[in-house]
Amino acid sequence: MTLPVLTFSEDQADAWDRLAEVLRAAGVDPDEGTLSPDAPGKATVLAVVGKAGSGKTMLLGSLYKALHDAGVETVSGDYEGRKRKDRRTLAILAPTNKAASVLRNRGVPATTIHRILYTPVYDPQYERIAEWLAGQGERPVVEGLTDVALDRAKAFYDAVKSIPGALAAAGLRGSDFIKGWKRREEPLDIGFVDESSMLDERQLEDLREIFPTLVLFGDPAQLAPVGSSGEMVFDKLPEARRLVLHRIHRQAEDNPILDLAHALADPELGFDGFEQLVEDAARRDERVVVAQRVEAELMARSPVLVWRNVTRIRLIQAFRAAYEAPLDELLPGEPLICDGIELPLKHRKKRIDLEARGLIKGAQVIYLGPGRKPGFSRLYVLGAEEPRLSAASIIKIELPDEEEPFIPFAARMGAAFLHGAAVTIHKAQGSQWDTVQVFAPDLYAAAQSGRSEAGVPLWKRLAYVAITRAERRLMWVVRNRLARPTAPLGIDDLAGGTAPLELEAE
């Protein structure tokens, strides 16, 4: 067979052969670069599983390139043009914006599951612009939009393949051109799902309704979704449908962070022994640091990872105190975590609108300031393709030893947020940051609890997930102390963008 330019390991080559066989049955040949009309057959779900550094992302990226070169259309969820009989489609998905952005940063055009489950309904006038941008129509003449505005939209789209972003660059608000959202009615062809250890059964069923050919990429050493009895969705697949990658690749070798992650597989290794490995790594390599205190400045963009909620709440309070944040309002630059959408059933369309724009449970957000309406907040959604928006918000700041959170301000209904300076390791799955602070006293508490998940000590799963969130630098914090910031909190570090999209959630 003809492999892509990249040289595969034996287990990757075996996985490629098996996946190529399934894709050929679906009418797409990644080896020959040919397409054929889809021959409906039995729906297929396969999983590619392996620990950090085993080459899952490398394989996913190679498959995407081969399918793209063969003429398969990658669906982003932003806009879909007119249907064609010969159209074959691929969607590359992740459970969260942050996880999708990790793939996009590596050249793989990923989007979130929500953006594929629901599709935007465009105003007919502005749909003509979308068709033109997508290469399916002539340059339109639109009342109220100048040639300069259209040129600006085209330049944005050429740089970033996003229809909403391009229309926003032309000076339009989201409510101008997107009139609503609808559940996808027509199925697509092929779906690749990264970070599939985060999926639950309901999400898997939703995806199976859309994709007759579905490939899950996941890490069996991560934490299973809460309430899943320690099982991940790919654990339930027959063995023949689970393709396992074992080898750690050259780009992952000589990486002290991944070395620590893989050391956790030793059944004889205890917590004290692991901490000794961390200290040894820190002496050899500056990418691992044994820290005596938490750095408040890092918490503003990279949350401290903890196990216990009580630790999370106390660290958040220490962060706010260090920045002298007032009790009755947020400072621009404070990090938030979306805790879901609080809307009654009659506002289902508004809920879909908020979720489709990135405000899904677990999304990481930076507070930019108050919106133009009471109860609204201007927000920056980390990892989203159009990160700036304004939405009705319910901000909750939990307090130590208090059952009810403090709410500095709130709309009657809308997107709910918790503070995000510290998050649980469960919520951190799927995300990565340049530098990660792991609060070691919490992992020691997990070790002392004696708990296990799927036969593995819980502290080892927690440690594995926590340290593999670090892209370049791991800070193993060993003391319950906080280093005060040296500069005020701000938002100047956030990438510029179009004006915030106003979401009418009230």
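All values reported here derive from a predicted model rather than from experimental measurement.
- Side chain of Gln432 to backbone of Thr468: a donor-acceptor contact under 3.5 angstrom is found.
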- [ ] Evaluate the criterion ring pair (Phe, Tyr, Trp, His ring centres under 6.0 Å) for residue pair Tyr444 and Phe271; output intermediate values, then yes/no.
- [x] CA-CA 7 Å; Tyr444 174 74; Phe271 184 82; 5.6 Å; yes
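- Residues passing the side-chain hydrogen bond (donor to acceptor under 3.5 Å, both in side chains) test with Arg287, sequence neighbours excluded: Asp285.
- In the displayed structure, Arg208 atom CZ is contacted under 6.0 Å by at most 12 heavy atoms of other residues, nucleotides or ligands.
- A donor and an acceptor atom, one from each side chain of Glu275 and Trp476, are located under 3.5 Å apart.
- In this structure, Lys154 fails the cation-pi test against Tyr157, since its NZ or CZ atom is not both closer than 6.0 Å to the six-membered ring centre and inside 45 degrees of the ring normal.
- Residues Ala300 and Phe319 come closest through the heavy atom pair N-CE1, 3.9 Å.
- Residues passing the side-chain hydrogen bond (donor to acceptor under 3.5 Å, both in side chains) test with Asp434 are Arg472, sequence neighbours excluded.
- Qualifying side-chain hydrogen bond (donor to acceptor under 3.5 Å, both in side chains) partners for Glu201, counting only residues two or more places apart in sequence or in other chains: Lys236.
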Give the table of side-chain donor-acceptor pairs shorter than 3.5 Å for residues 480-487, with sequence neighbours excluded, one pair per line with atom names and distance.
from	atom 1	to	atom 2	distance (Å)
Thr486	OG1	Glu297	OE2	2.5

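- For the salt bridge (charged side-chain N to carboxylate O under 4.0 Å, His left out) condition, the pairs that include at least one residue of residues 436-446, sequence neighbours left out, are Arg308-Asp442.
- More than 12 heavy-atom neighbours from other residues, nucleotides or ligands sit within 6.0 angstrom of CD on Gln292.
- In this structure, Lys56 and Lys51 have side chains that are not in contact, with every pair of non-hydrogen atoms separated by 4.5 Å or more.
- Applying the salt bridge (charged side-chain N to carboxylate O under 4.0 Å, His left out) rule to pairs touching residues 330-341 yields Arg320-Glu334, Asp339-Lys361, sequence neighbours excluded.
- A salt bridge is absent between Glu286 and Arg473: the closest approach of a Lys/Arg side-chain nitrogen to an acidic carboxylate oxygen does not fall below 4.0 angstrom.
- Rounding to the nearest 0.5 angstrom, the gap separating the CG atom in Leu418 from the CD1 atom in Ile394 is 11.0 Å.
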Task: side-chain contact (heavy atoms from CB on, under 4.5 Å) between Phe217 and Val193, intermediate numbers included - done: CA-CA 6 Å; Phe217 294 80; Val193 187; over 6 Å; no
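- Taken to the nearest 0.5 Å, the CG atom of Leu90 stands 9.0 Å off from the CG atom of Leu63.
- In terms of modelled atom types and a separation under 3.5 Å, the side chain of Asn105 and the main chain of Val102 share no donor-acceptor contact.
- A donor-acceptor pair is defined here as one N or O able to donate and one able to accept, closer than 3.5 Å; no such pair exists between the side chain of Ser377 and the backbone of Leu379.
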